[in-house]
Amino acid sequence: DYFSYNPSAEQIKEVDFLAKKIIPEIIFQSELDNKRANKNSAWFANYNNIFKISNRLSLKTNLYYIHDKITSTQFFENNNFIDSQQILTSDNYNIEKQPTQYRGDVEIKYNSSKNSLIEYKLKVSQESINTVTDVLQNKATNYQTELQTKDFKFKQSLLFTQKISEKKALQILFNHSSNNIPQNYFLTPSVYDPLIYTSDNQFSNFRKNIASVQSIFLGSTAKTKYTFSIGSSFEE
């Protein structure tokens with residue numbers, strides 16, 4: 001959702017694996033609804049397939065692409081009367097945001113024996129968003145901002161399950177994820193010192209890496225089910 005940036009169910013579920021985006025993207029808010037206030041032009045493609053390579057091996061793939069160009073024009077005018085004096089102020093906003101996202105998912109399942117299963121999952125995505133905003137204040141002062149954001153996500157997991165008996169099983173789980181979000185923000189003309197600088201620039205680069213390993217023992221009796229687990233995790 002590039003209009004209002006409501007998080008998806010997947011983003012809410014995986015929020016602990018994501019780095020912080022310190023410079024927020026523009027949220028298109030208006031007194032009118034999106035259909036009346038914004039215009040977009042989207043290209044979207046999705047491909048997914050399941051390959052049964054053998055009786056023991058299967059492969060599931062998903063490829064995803066989206067590109068959008070969202071534009072919004074808003075004009076605000078205020079006419080104030082204070083002690084018989086008229087003060088007229090105005091703000092004219094022209095916003096153009098171009099997001100592009102590539103994503104690929106892979107899931108492999110392999111029955112190494114009748115009592116064991118290996119599952120590997122991989123998610124890779126690259127998102128870039130370029131947002132340019134022109135602001136004209138009181139029909140005299142002009143500002144332009146540009147925000148360049150890149151968001152690279154990499155996540156993989158490996159799960160090995162060994163059936164010990166009809167009521168006992170052992171699992172070994174490995175997880176690794178990486179998220180890198182570099183951002184560049186430009187403001188023209190400079191508000192810091194316009195006599196020396198033509199523009200201001202703010203740069204941030206937040207990264208988050210997580211790795212964990214866990215062993216899980218599952219079992220059951222006639223009256224109860226039990227689980228024992230031990231593991232270790234690293235977060236940077």
Side-chain angles (χ1 to χ4, degrees), residues 1-30 33-72 95-111 117-133 146-161 173-184 205-212:
D1 181 5
Y2 289 108
F3 280 103
S4 60
Y5 275 89
N6 294 317
S8 64
E10 184 181 36
Q11 290 173 319
I12 295 174
K13 181 180 178 181
E14 298 184 350
V15 64
D16 293 336
F17 299 95
L18 303 179
K20 298 295 183 181
K21 185 182 289 186
I22 194 66
I23 306 176
E25 293 286 346
I26 289 178
I27 298 176
F28 288 89
Q29 293 179 335
S30 172
D33 57 41
N34 286 339
K35 293 182 179 180
R36 296 178 182 271
N38 304 309
K39 181 176 71 173
N40 77 310
S41 175
W43 290 87
F44 171 83
N46 178 243
Y47 167 82
N48 59 82
N49 209 333
I50 298 177
F51 301 93
K52 188 73 173 179
I53 300 175
S54 67
N55 292 331
R56 291 188 175 185
L57 180 62
S58 64
L59 173 65
K60 182 179 180 181
T61 60
N62 179 46
L63 301 176
Y64 177 86
Y65 165 81
I66 185 171
H67 173 78
D68 206 346
K69 182 179 179 181
I70 306 170
T71 59
S72 177
I95 307 169
E96 181 180 288
K97 177 160 55 178
Q98 294 195 49
T100 303
Q101 185 181 150
Y102 300 89
R103 174 172 167 171
D105 298 351
V106 175
E107 181 180 303
I108 301 173
K109 291 185 178 181
Y110 176 63
N111 288 97
L117 175 65
I118 299 175
E119 298 174 84
Y120 176 76
K121 296 180 180 180
L122 172 67
K123 294 181 181 179
V124 181
S125 69
Q126 173 68 54
E127 179 187 68
S128 61
I129 304 175
N130 191 63
T131 305
V132 177
T133 304
E146 182 176 2
L147 177 59
Q148 301 170 355
T149 301
K150 294 185 178 180
D151 188 351
F152 176 77
K153 299 184 184 73
F154 177 88
K155 186 180 180 183
Q156 62 179 341
S157 66
L158 180 65
L159 176 63
F160 173 74
T161 303
L173 174 63
F174 170 77
N175 278 308
H176 171 248
S177 69
S178 178
N179 188 199
N180 186 24
I181 306 180
Q183 292 184 287
N184 250 319
N205 190 2
F206 278 69
R207 297 183 298 270
K208 192 170 188 178
N209 298 305
I210 297 177
S212 66

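Any value given below was found using the heavy atoms of this structure, including those in side chains, with hydrogens, waters and symmetry copies removed.
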Problem set entry | Other residues, nucleotides, ligands: >12 heavy atoms within 6.0 Å of N55 CG | no

Problem set entry | Side chain to side chain, K20 and I181, heavy atoms closer than 4.5 Å | no

Problem set entry | Heavy-atom neighbours of I22 CD1 exceed 12 at 6.0 Å | no

Problem set entry | Heavy-atom closest pair, residues Q183 and I23 | NE2-O, 2.8 Å

For this session: Classify the angle between the aromatic ring planes of Y65 and Y102 as parallel (below 30°), tilted (30 to 60°) or perpendicular (above 60°).
Result: tilted

Exercise. Are the side chain of D105 and the backbone N or O of L63 linked by a donor-acceptor pair below 3.5 Å?
Worked result: no

Exercise. If only atom types and distance count, is the side chain of N179 paired as donor or acceptor with the main-chain N or O of F152 below 3.5 Å?
Worked result: yes

For this session: Give a yes or no on this: more than 12 heavy atoms of other residues, nucleotides or ligands lie within 6.0 Å of atom NZ of K52.
Result: yes

Exercise. Counting only heavy atoms not in K121, do more than 12 fall under 6.0 Å of its NZ?
Worked result: no

Problem set entry | Partners meeting side chain to side chain contact (heavy atoms under 4.5 Å, CB included) with L159 (sequence neighbours left out) | E119, T161, Q171, L173

Problem set entry | Any donor-acceptor N/O pair, K123 side chain to R103 backbone, under 3.5 Å | no

Problem set entry | S125: partners by side-chain hydrogen bond (donor to acceptor under 3.5 Å, both in side chains), with sequence neighbours left out | none

Exercise. Is the number of heavy atoms from other residues, nucleotides or ligands within 6.0 Å of NZ (K150) greater than 12?
Worked result: no

Problem set entry | Salt-bridge contact K153-E10 (side-chain N to carboxylate O under 4.0 Å) | no

Exercise. Hey, are Y64 and N62 close enough side-chain-wise for a donor-acceptor pair under 3.5 Å?
Worked result: no

Problem set entry | Whether N40 side chain and K69 backbone form a donor-acceptor pair below 3.5 Å | no

For this session: For the pair N209 and N180, evaluate side-chain hydrogen bond (donor to acceptor under 3.5 Å, both in side chains) and give the outcome as yes or no after the intermediate values.
Result: CA-CA 9 Å; N209 298 305; N180 186 24; over 6 Å; no

